[in-house]
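A short worksheet on the structure shown next.
These values consider heavy atoms only, across backbone and side chains, with no hydrogens, waters or symmetry-generated copies.
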Amino acid sequence: MDDIDAMFSDLLGEMDHLSQSLAEATVSSGEDAAPQESSFSIGFNNLNESLNELEDHDLDALMADLESKSTDQQSSTHNDTSNPTGNETSPPAVYQESEPVVTFPVVTTQSSRAVKMNEPQTKAEKIKVALEKLKEAKVRKLIIKVLMSDNSSKTLMVDERQTVRDVLDTLFEKTHCENSIEWSLCETNPDLQTERAFEDHECLVEPLSAWSRVSENKLYFLSTPQKYMMFTEPQIFYMWKKKKSSSNMNSQAKELLIKEHFGGSTTIVPNLEGVLHLKEDGKKVWKPRYFMLRASGIYYVPKGKSKSSTDLACFVRFEKVNVYTTSSYKQKYRAPTDFCFLLKHPCIQKESPYIKILCCEDKHTLLLWVNSIRIAKYGVALYKNYQAAVTRASTLQIPYSAVHKPNSLKLNHHLTPDFFNPPSGQEYL
């Protein structure tokens, strides 16, 4: 029955996402040019503005990349038409997903030759050519605006093959900030008042493409001390019931704890459980339930039942949802505290009955649940991200820039950065 309930819940979620997409398409049906351009940029009013924000060498690199793609496509087209056998083979798909994607026309030989005849010289000419070629490209690209702690921003070009780790490395080079394992790319959603740090292995274009065309979401480059706390302070998560005995754990004991839980074929999830307050659908009413974390999802103990695994009911599974921290939910939804988190499909960008919201009693409990959910969802991939970040930080030490100090970090004015900057591990203990 749990499997059937989960399948039904997923189906309803997909129907909700489809209805939202149809509503957006109806509103923007009369605006043909603007939606197409906004599909290429994040954080700008239009694509032309975003291209203007690119530094000269980045724009030149974009032009060279688009030109090489154009040449490859022409060569492929010529080979197909000159095949005398008539045996046709379909080219491999470059990108495929369930959500709507932008489909681009194939480059024609005539348009490519015309561009070569008039080699662009000024930035305005380069932007004009780039606009044409972006619409011809087969690999999805986005021009993104990343906000900094001093209210400045950096403009980057990313494509669907680049991971968050790749983008972080680019930002280290552009900002000259300290290459620490704590830096993250974080998204904020002012409509839902949520925040989430992207995982290093995620391909950045995919989650950003889930943002609506008129989204007020922002992308921040922030220092997040809790990002890899499950590896720097593993006892907080795996010995949370023994607070006193785990407060002074030495480095060797921590390494053994990490090896025990992440060194095998499967990741051992923290045995986390406790009372959380659940927000009822469509109401500002919160009810306490006893929740338990498992590798597949979060379960709860129904009324009158025991904590036995046979009595547990599934609350949510992790396959199709991400975990987000929230801001000011005590005021927004009359939550018992402001230490809330939610689980939702990344395509749901506005209020929906398919968003699961839970409230913790304090910041420590919030940190335990959010990061333990990350462990359960990503497992070994999270550990590999940590190892790669440590290796990168040790081999590339860049002088620290004063304007990017973690204690001066700021988020969108709708949100608060408290969870992104938690106290030290000792304070949690």
For this session: Assess whether side-chain contact (heavy atoms from CB on, under 4.5 Å) is satisfied between Val269 and Ser372, documenting all intermediate values.
Result: CA-CA 7 Å; Val269 176; Ser372 295; 5.6 Å; no
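- Side-chain rings of Phe315 and Tyr299 stay apart, their centers remaining 6.0 Å or farther from each other.
- Between Tyr386 and Thr232, some side-chain heavy-atom pair lies under the 4.5 Å cut-off.
- Of the possible donor and acceptor atoms, one in the side chain of Ser209 sits under 3.5 Å from a partner among the backbone N and O of Val205.
- In terms of heavy atoms, Tyr329 sits closest to Cys340 at CB-SG, 3.9 Å.
- Residues Leu192 and Gln349 are not in side-chain contact: their nearest non-hydrogen atoms beyond the backbone lie 4.5 Å or more apart.
- From Thr325, atom OG1 reaches atom CG of Asp338 across 11.5 Å, with rounding to the nearest 0.5 Å.
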For this session: Please assess Lys356 against Leu342 for the test side-chain contact (heavy atoms from CB on, under 4.5 Å), listing each intermediate value before the final yes or no.
Result: CA-CA 5 Å; Lys356 308 291 186 182; Leu342 61 81; over 6 Å; no
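- Using a 4.5 Å heavy-atom cutoff, the side chains of Gln235 and Leu257 are in contact.
- Counting heavy atoms from C-beta on, the side chains of Pro270 and Ile375 come closer than 4.5 Å.
- Atoms CD and CD1, from Glu233 and Ile236 in turn, are 5.0 Å apart once rounded to the nearest 0.5 Å.
- Between the Ser394 side chain and the Val390 main chain, a donor and an acceptor come within less than 3.5 Å of each other.
- Partner of Glu195 under the side chain to side chain contact (heavy atoms under 4.5 Å, CB included) criterion, chosen from Asn189, Thr188, Thr326, Leu222: Thr188.
- Closest of all the heavy-atom pairs between His277 and Trp286 is O-CE3, 3.5 Å.
- Counted within 6.0 Å of NZ on Lys384, heavy atoms from surrounding residues, nucleotides or ligands total 12 or fewer; the atom is thus considered open.
- Contact between Lys320 and Pro346 at its shortest, heavy atoms only, is O-CD, 3.8 Å.
- In this structure, the separation between NZ on Lys279 and CD1 on Ile357 is 5.0 Å, given to the nearest 0.5 Å.
- A salt bridge links Arg196 and Glu187; the closest N-O separation between the charged side-chain nitrogens and carboxylate oxygens is under 4.0 Å.
- Using modelled atom types, no side-chain atom of Ser152 and backbone atom of Met148 make a donor-acceptor pair closer than 3.5 Å.
- In this structure, the separation between CG on Leu343 and CG on Asn322 is 8.5 Å, given to the nearest 0.5 Å.
- The backbone N or O of Glu361 sits nowhere less than 3.5 Å from a side-chain atom of Thr365 that would complete a donor-acceptor pair.
- For the pair Met229 and Leu367, the minimum side-chain heavy-atom distance is below 4.5 Å.
- Salt bridge status for Arg140 with Asp159: absent, with no side-chain N to carboxylate O gap under 4.0 Å.
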Exercise. Does the pair Leu276 and Cys359 meet the rule for a side-chain contact (heavy atoms from CB on, under 4.5 Å), with working shown?
Worked result: CA-CA 6 Å; Leu276 300 174; Cys359 182; over 6 Å; no
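- Between His261 and Tyr238, the ring centre distance stays below 6.0 Å.
- The neighbour count for Lys254 NZ, taken as heavy atoms of other residues, nucleotides or ligands under 6.0 Å away, is above 12.
- Cation-pi contact between Lys154 and Phe221: absent, since separation from the ring centre below 6.0 Å together with deviation from the ring axis within 45° is not met.
- Taking the ring centroids of Phe262 and Phe231, they lie under the 6.0 Å cut-off.
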Exercise. Can Met157 and Lys141 be said to form a side-chain contact (heavy atoms from CB on, under 4.5 Å), step by step?
Worked result: CA-CA 7 Å; Met157 167 66 74; Lys141 293 178 180 288; 3.6 Å; yes
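- Taking the side-chain hydrogen bond (donor to acceptor under 3.5 Å, both in side chains) definition, one finds that Asp166 meets it with Thr163, sequence neighbours left out.
- Under the 6.0 Å distance and 45° angle rule, Lys344 does not count as a cation-pi partner of Tyr354.
- When every heavy atom of Thr337 is checked against every heavy atom of Cys360, the shortest pair comes out as OG1-O, 2.5 Å.
- At a threshold of 4.5 Å between non-hydrogen side-chain atoms, the residues Gln193 and Lys332 count as touching.
- For the residue pair Asn371/Tyr228, the side-chain donor-acceptor check at 3.5 Å is not satisfied.
- A donor-acceptor pair is defined here as one N or O able to donate and one able to accept, closer than 3.5 Å; such a pair exists between the side chain of Lys377 and the backbone of Val321.
- Environment of CD in Glu280: crowded, with over 12 heavy atoms of neighbouring residues, nucleotides or ligands closer than 6.0 Å.
- For the residue pair Tyr378/Glu199, the side-chain donor-acceptor check at 3.5 Å is not satisfied.
- Side-chain contact between Ile373 and Phe341: present, with at least one pair of heavy atoms (C-beta onward) separated by less than 4.5 Å.
- Rounded to the nearest 0.5 angstrom, Leu312 CG and Lys307 NZ are separated by 10.5 Å.
- With hydrogens and angles disregarded, a donor-acceptor distance shorter than 3.5 Å links the side chain of Ser180 to the backbone of Glu182.
- The main-chain N or O of Trp183 is never found under 3.5 Å from a side-chain atom of Ser223 such that the two would form a donor-acceptor pair.
- Distance CZ/Arg374 to CG/Asn385: 9.0 Å, rounded to 0.5 Å.
- Of all heavy-atom pairs between Cys203 and Pro207, the closest is O-CD, 2.9 Å.
- Side-chain atoms of Ser308 and Ser306 form no donor-acceptor pair, as typed in the model, at a separation below 3.5 Å.
- Trp240 places a side-chain heavy atom less than 4.5 Å from the side chain of Leu272.
- Ala393 and Asn179 make their closest contact through CB-O, 3.1 Å (heavy atoms, listed as atom of the first residue, atom of the second, distance).
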